[in-house]
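Below is one structure; the comments refer to it alone.
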Amino acid sequence: MDSTPANSTPASAALTDEEIFRAHEGGKLAVEATASLADPRALAIAYTPGVARVSRAIAEDPALAAKYTWAHRLVAVVSDGTAVLGLGDIGPSASLPVMEGKAALFKTFGGLDSIPLVLNTTDVDEIVETLVRLRPSFGAVNLEDVAAPRCFELEARLIEALDVPVMHDDQHGTAVVVLAALRGANTVLGKDVANQRAVISGAGAAGVACAKILLAAGIGEVTVVDSRGIVHVGRDGLNPVKAQLAEVTNGSGLRGGIAEALRGADVFVGVSSSLVPEELIASMADDSIVFALSNPDPEVHPEVAGRHAAVVATGRSDFPNQINNVLAFPGIFRGALDAGAKRITEGMKLAAANAIAAVASDDLAVDRIVPSALDPRVGPEVAAAVALAARQDGVA
């Protein structure tokens, strides 16, 4: 049955420049007042003289800001514009439409207000200093579209410098949804993650985070491949992040490139722009799982992958099994803020993945291994699971 409303256009219809640019005119965000300003008394309460009493109270007890301002529920969506979508380093101004979109997703799927902050610097020290100075104005930081490997240092520095949740969504949001999708695929196929070897193509922000969360979830083995081949101990030219990754991955001691890595592998996770030939997908184990997540062009077309793999997913909405970060980040931040968490732990990310998988569990199939990005159950379920995990991990 076609569930598309009569007055809407199906998502699969070709997008036109006219409708895209028209929808972005003037930006996609606005600020609306939540307090009434309808008469002189309301104005006196919301602003002067009434507001002075609230300011005086906060000056005496800064903790009251969490109750009487929006800061504790406000997410700063921060980017330097160096790794925007598949467009690369296009700069802060060109990244702003994406950050506005992210803020709209926070409101729609997490019920959270957020402010896009695009910074005209790529210097980690300067970004950290800027956000430390702005800290009284927000309650969490969502890093977005910051290039690797600098993104790893930036996130780590901000986690230490700020007393609020910080998460680079390109890393951890992707990883959470990948794990949720793998849980769904394995349930459909009757497989156990502990017996699987996953190959991750790409050792940037998403690839590194996917490797870490799969290992934390107990996968049998992970092999990571970058533009120079399999990441392994002793390989020349590894940066510190890849060197650490080499220590915990590739337990079979494989050498070579993507062809050697994929031979006999159970799972493929593509988070790079590198195309993978059909014959390499065919070389994987029986009933393999393929997540070709590059946008707009997957590493392998899902129809081609489907000739050999039992389950295929992409990052696109026009193919089945869309692995979309919007399933994760609104609920993760909502849960963290609901619990008053100071940081986002590995346990909270695993809880988010489990919650997403649980929502999909009643309607699983090879072409439905994760919920729809528009499923209204996802955000609240993820938020509740993350808040509980925050309390269990002692960060609430």
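Because only heavy atoms are used, hydrogens play no part in the values below, and waters and symmetry mates are left out as well, while side chains stay in.
- Aromatic pair Phe319/His301: ring centres closer than 6.0 Å.
- The shortest distance between side-chain heavy atoms of Phe291 and Thr314 does not fall below 4.5 Å.
- With Glu19 contributing its side chain and Thr16 its backbone, the two residues share a donor-acceptor pair below 3.5 Å.
- Salt-bridge formation is not detected for the pair Lys191/Asp266: no Lys NZ or Arg NE/NH1/NH2 atom is positioned less than 4.0 Å from an Asp or Glu carboxylate oxygen.
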Let me see the working for Thr121 and Glu126 under side-chain hydrogen bond (donor to acceptor under 3.5 Å, both in side chains), right down to the final yes or no.
CA-CA 7 Å; Thr121 178; Glu126 291 181 356; 2.5 Å; yes
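- A donor-acceptor contact shorter than 3.5 Å links the side chain of Arg228 to the backbone of Asp236.
- Remark: Asp286 CG to Leu189 CG distance equals 11.5 Å, nearest 0.5 Å.
- Contact of the Pro298 side chain with the Arg316 side chain is registered, since non-hydrogen atoms from C-beta on lie closer than 4.5 Å.
- Asn354 and Arg183 share a donor-acceptor pair across their side chains, judged by distance under 3.5 Å alone.
- Within the hydrophobic cluster formed by Ile, Leu, Val, Met, Phe, Trp and Tyr side chains joined at under 4.5 Å, directly or through other members, Leu154 is accompanied by Trp70, Leu74, Val78, Ile115, Leu117, Leu119, Val124, Ile127, Val128, Leu131, Val132, Leu134, Phe138, Val141, Leu143, Val146, Leu158, Ile159, Leu162, Val164, Val166.
- Side-chain contact between Asp89 and Thr122 is absent, with no heavy atoms from C-beta onward closer than 4.5 Å.
- Here the shortest heavy-atom pairing between Glu221 and Asn250 reads OE2-C, 3.5 Å.
- Atom OG1 of Thr187 sits about 10.0 Å away from atom CD1 of Ile369, to the nearest 0.5 Å.
- By the rule that hydrophobic residues join a cluster once side-chain heavy atoms approach within less than 4.5 Å of another member, Leu245 and Leu214 end up as members of one cluster.
- Cluster annotation: Ile200 and Val267 are assigned to the same hydrophobic cluster (Ile/Leu/Val/Met/Phe/Trp/Tyr, side-chain heavy-atom contacts under 4.5 Å, transitive).
- Of all the heavy atoms in His168 and Ala205, the pair that sits closest is CE1-CB, 3.9 Å.
- Taking CZ of Arg53 as the start and OG of Ser55 as the end, the distance is 12.5 Å to the nearest 0.5 Å.
- For the pair Arg73 and Asp113, the salt-bridge criterion is not met [side-chain N within less than 4.0 Å of a carboxylate O].
- Arg41 pairs by the side chain to side chain donor-acceptor pair (under 3.5 Å) definition with nothing, not counting sequence neighbours.
- Checked against the 6.0 Å centroid criterion, the rings of Phe109 and Phe329 do not qualify as a close aromatic pair.
- No donor-acceptor distance shorter than 3.5 angstrom exists from the side chain of Glu247 to the backbone of Gln244, with no hydrogens or angles considered.
- No side-chain donor-acceptor contact under 3.5 Å links Ser317 and Gln322.
- No donor-acceptor pair under 3.5 Å is formed between the side chain of Asp145 and the backbone N or O of Ser79.
- Distance check: Thr174 OG1 to Leu179 CG gives 12.5 Å after rounding to the nearest 0.5 Å.
- Under the 4.5 Å side-chain heavy-atom criterion for Ile, Leu, Val, Met, Phe, Trp and Tyr, Val312 and Val188 are members of distinct hydrophobic clusters.
- Looking only at distances, a side-chain donor or acceptor of Arg235 sits under 3.5 Å from a matching main-chain atom of Gly229.
- Atom CD1 of Ile20 is separated from atom CD of Glu25 by 13.0 Å, given to the nearest 0.5 angstrom.
- Annotation for Ala328 and Val177: closest pair CB-CG2, 3.7 Å, computed over non-hydrogen atoms.
- Phe268 and Ile213 are members of different hydrophobic clusters when ILVMFWY side chains are connected at heavy-atom separations under 4.5 Å.
- Within the 4.5 Å cutoff, side-chain heavy atoms of Gln196 are placed close to those of Leu182.
- Considering every non-hydrogen atom in both Ser93 and Pro97, the closest pair reads O-CD, 3.6 Å.
- Counting only N and O atoms by type, the side chains of Asn142 and Asp169 include no donor and acceptor under 3.5 Å apart.
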Can Val271 and Val178 be said to form a side chain to side chain contact (heavy atoms under 4.5 Å, CB included), step by step?
CA-CA 11 Å; Val271 282; Val178 162; 5.8 Å; no
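- Taking the six-membered ring for Trp, Phe106 and Phe333 have ring centres closer than 6.0 Å.
- Residues passing the side chain to side chain donor-acceptor pair (under 3.5 Å) test with Gln392: none are found, sequence neighbours excluded.
- Across all their heavy atoms, Arg255 and Val233 have their closest contact at NH2-O, 3.9 Å.
- Salt-bridge formation is not detected for the pair Arg343/Asp163: no Lys NZ or Arg NE/NH1/NH2 atom is positioned less than 4.0 Å from an Asp or Glu carboxylate oxygen.
- With no hydrogens or angles considered, a side-chain donor-acceptor pair links Asp80 and Thr82 at under 3.5 Å.
- The two residues Leu29 and Glu100 make their nearest non-hydrogen contact at CD2-O, 3.7 Å.
- Remark: Arg197 CZ to Ser252 OG distance equals 6.0 Å, nearest 0.5 Å.
- Under a 4.0 Å N-O distance rule, the pair Glu129/Arg157 does not qualify as a salt bridge.
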Stepwise side chain to side chain contact (heavy atoms under 4.5 Å, CB included) test for Val382 and Ile332
CA-CA 6 Å; Val382 171; Ile332 291 175; 4.2 Å; yes
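- Between the side chain of Asp192 and the main chain of Ala194, a donor-acceptor pair closer than 3.5 Å is present.
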Would Glu278 and His308 satisfy side chain to side chain contact (heavy atoms under 4.5 Å, CB included), going step by step from the backbone distance to the final call?
CA-CA 9 Å; Glu278 179 178 355; His308 311 282; 2.8 Å; yes
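- More than 12 heavy atoms of other residues, nucleotides or ligands shown are found within 6.0 angstrom of NZ on Lys242.
- With respect to Arg22 and Glu18, a salt bridge is recorded, a charged nitrogen being found less than 4.0 Å from a carboxylate O.
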